[in-house]
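Some notes on the structure that comes next.
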Number of protein chains: 2
Amino acid sequence: MPPYLPPEAHRPLTLRDVSEASGVSEMTVSRVLRNRADVSPATRERVIAAAKMLGYVPNKIAGALASQRVNLVGVVIPSLSNMVFPEVLGGISAALEDSGLQPVFGATDYKADREENVLYEMLSWRPSGMIVAGLEHTDVARAMLANAGIPIVEIMDIDGEPVDSMVGISHKRAGREMAETILNAGYRKIGFLGSKMPDDHRARKRLEGFSEALQAAGLELAEVEHYAGGSSLAKGREMTASILSRRPDLDFLYYSNDMIGAGGLLYCLDKGLDVPGKIGLAGFNGLELLDGFRLRLATTDACRREIGLRAAEIVAGKNSDGVIGSKHIELSPIVNRGDTIR
Amino acid sequence: MPPYLPPEAHRPLTLRDVSEASGVSEMTVSRVLRNRADVSPATRERVIAAAKMLGYVPNKIAGALASQRVNLVGVVIPSLSNMVFPEVLGGISAALEDSGLQPVFGATDYKADREENVLYEMLSWRPSGMIVAGLEHTDVARAMLANAGIPIVEIMDIDGEPVDSMVGISHKRAGREMAETILNAGYRKIGFLGSKMPDDHRARKRLEGFSEALQAAGLELAEVEHYAGGSSLAKGREMTASILSRRPDLDFLYYSNDMIGAGGLLYCLDKGLDVPGKIGLAGFNGLELLDGFRLRLATTDACRREIGLRAAEIVAGKNSDGVIGSKHIELSPIVNRGDTIR
DNA sequence: CTGAAAGCGCTAACAA
DNA sequence: TTGTTAGCGCTTTCAG
């Protein structure tokens with residue numbers, strides 16, 4: 001309930017100002033402003049009128065210190081510009097909608113030391129919970145999280161040991177299942193295109209699962225193409241041109257994400273290659289972007305929105321069952337063959 | 001400087017704990033932790049060692065209340081999933097990097113009442129400054145901003161009256177300049193494809209400028225196609241199919257953003273239409289995405305990153321000139337003809 | 001260079 | 001239903 005046209009205040013107003021303007025004690029004003037039931041309607045109205053007239057905005061800093069409660073949930077992700085994360089954030093926001101909690105976002109740029117810093121900053125505001133992407137953190141970061149005394153939910157990935165709760169998919173399994181799909185379709189000379197490994201643990205795990213499945217079938221990756229920096233259609237084109245010039249005999253290209261995969265698809269279509277007959281393609285994530293192309297790129301849906309929803313529910317304490325304590329939730333990545341696997 | 005392996009604390013630690021562990025007064029501990037110079041090296045080391053050992057994380061709530069200073073800058077934008085905003089946020093983060101200030105993001109979903117709420121929530125944390133997308137707000141929202149007693153920077157748009165400072169481009173001018181470019185290229189039967197107007201003031205202003213320039217040339221829009229909801233390639237395709245089925249004679253399509261424009265471009269290419277000979281296309285924003293297509297979509301660069309940079313500099317007080325007070329900064333949108341205007 | 005005292009603006013807990 | 005009294009954990013100010 002935001003206030004109304006304020007007059008000419010330049011020192012931030014306090015409860016005391018509202019108290020004086022309404023002739024009611026600070027304590028009662030405080031009660032009204034927090035929507036507590038134990039105030040008479042008459043008093044309530046007078047207070048609300050005074051607060052609106054003055055344009056009073058409560059000071060949550062003082063409130064939080066006094067009550068030892070903060071309605072903030074820290075959310076730490078690698079990047080805001082990677083199209084993968086907005087959907088997770090959307091899920092979080094939706095689930096927190098009427099819990100009284102508010103998400104606060106921070107980005108790490110895929111750097112462990114930046115993550116440590118972001119966590120430190122956030123925890124110093126004493127949030128009610130934290131949602132953190134990934135299971136890999138520095139020891140210091142893990143220790144901070146473990147000792148914060150609040151619910152911690154690590155998301156996106158479940159291949160590892162969480163500090164507290166986790167919600168995500170197994171990226172090893174996602175890689176494995178895509179490999180099996182590809183092999184079943186009869187492709188045999190398979191190339192992989194992805195980011196430099198150390199940065200992105202989830203892409204690394206997908207590749208591990210993928211490779212294991214190939215080995216189980218007596219195969220291995222025929223060629224690998226790495227890149228650094230952000231993903232883009234242009235990068236996908238470029239990498240695809242490069243790997244195919246070295247190995248024109250490849251019959252499948254597995255990309256570490258949909259953006260570069262879509263770039264590769266555009267390249268193949270422009271070159272008139274026979275997709276999926278002569279060459280198949282697959283990405284990862286299930287990006288909405290893919291719906292716009294003539295052929296739909298095969299991909300794995302990473303359940304991003306649901307991950308956000310479930311994580312936020314844990315933080316908000318909306319556990320359908322009555323169990324207290326940490327939850328480990330594995331969602332199932334879904335392979336979508338699209339039009340680029342025959 | 002995050003702490004180190006903590007032991008078994010479950011009640012959040014206070015300065016007092018560090019004070020006792022190090023045998024130094026709380027006051028001196030506080031000085032060390034704030035990196036103040038007036039502490040002897042010996043004392044400093046003891047304090048830091050104790051803090052690390054305990055895994056102490058300062059309580060910024062108490063600190064902010066006592067010092068009346070908060071190192072937060074509120075940033076309010078319509079949407080995190082619209083690819084337009086990450087770049088603005090990147091600029092803001094970069095400019096704030098070593099200012100000691102930290103951005104906090106909030107999204108409004110293009111709704112005035114949600115904006116009012118987000119502003120109210122943010123202001124109640126008494127941030128050091130606010131950066132808000134757009135110039136259109138409810139009266140209540142304007143009043144809150146005006147009375148917060150902190151730097152307010154409205155960004156993206158400069159066609160209107162700011163509460164305090166503003167940094168952006170003129171969308172009317174952007175629309176006008178694109179129209180002139182299109183007319184100079186000889187196109188005459190021009191269609192517009194964009195979102196429902198009331199939601200998006202900047203798209204509306206672009207259309208106004210665009211229409212004015214057409215009128216100045218004795219023309220008007222031949223056809224308009226509206227949509228609701230988010231932008232996507234698929235939506236762009238669909239809208240393009242629809243408008244062209246009604247008006248196959250159109251020779252130019254102006255899209256309100258690059259995402260639907262790119263979808264339209266894909267549609268035209270797939271249909272084998274002669275772009276830019278028989279039909280020209282243009283979007284708006286200068287999205288990196290466009291670099292991946294066979295033909296590069298014409299667009300207008302909205303200077304998003306620089307807007308973020310400049311806005312953050314104003315909030316951080318890094319005004320190159322010595323002037324205090326509000327700044328009005330107009331950046332120049334740059335038309336990029338790409339390959340889709342002949 | 002270090003310490004002691006006095007709040008910051010609000011709310012929990014109790015009293016009236 | 002309303003008011004009073006103590007702090008919340010830190011920093012400011014001022015003394016030593």
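Sequence lines set the chain letters: A, B, ... in the order given, protein chains first and strands last, and positions in each chain run from 1. Keep in mind the model is a prediction, meaning the values are calculated, not measured.
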> Taking CG from A:L33 and C1' from C:dG9, how many angstroms apart are they, rounded to a whole number?
Replying inline: 13 Å
> Between A:E115 and A:K111, is the closest basic N to carboxylate O distance under 4.0 Å?
Replying inline: no
> Salt bridge between A:R114 and A:D109, side-chain N to carboxylate O under 4.0 Å?
Replying inline: yes
> Hey, is the side chain of A:S25 poking within less than 4.0 Å of OP1 or OP2 on D:dT4, counting only N and O atoms?
Replying inline: no
What protein N or O atoms touch nucleotides 9-13 of chain D N or O atoms at under 3.5 angstrom, if any, and at what distances?
from: D:dG9; atom 1: OP1; to: A:Q68; atom 2: NE2; distance (Å): 3.2
from: D:dG9; atom 1: N2; to: B:A62; atom 2: O; distance (Å): 3.2
from: D:dC10; atom 1: OP1; to: B:Y56; atom 2: OH; distance (Å): 2.4
from: D:dC10; atom 1: OP1; to: B:N59; atom 2: N; distance (Å): 3.4
from: D:dC10; atom 1: OP2; to: B:L15; atom 2: N; distance (Å): 2.6
from: D:dT11; atom 1: OP2; to: B:S30; atom 2: OG; distance (Å): 2.4
from: D:dT12; atom 1: OP1; to: B:R69; atom 2: NH2; distance (Å): 2.5
from: D:dT12; atom 1: OP2; to: B:R34; atom 2: NH1; distance (Å): 3.0

> Given C:dT2, is OP1 or OP2 found less than 4.0 Å from the side-chain N or O atoms of B:T43?
Replying inline: yes
> Does B:R11 come within less than 4.0 Å of B:D17, counting only side-chain N to carboxylate O?
Replying inline: yes
>> Side chains of B:H137 and B:E116: any donor to acceptor distance under 3.5 Å?
In response: no
> Rounded to the nearest 0.5 Å, how far apart are CE of B:M122 and NZ of A:K60?
Replying inline: 11.5 Å
> Just how far, in rounded Å, is C1' of C:dA16 from CG of A:D38?
Replying inline: 15 Å
>> Around atom CD of A:E45, are there more than 12 heavy atoms from other residues, nucleotides or ligands closer than 6.0 Å?
In response: no
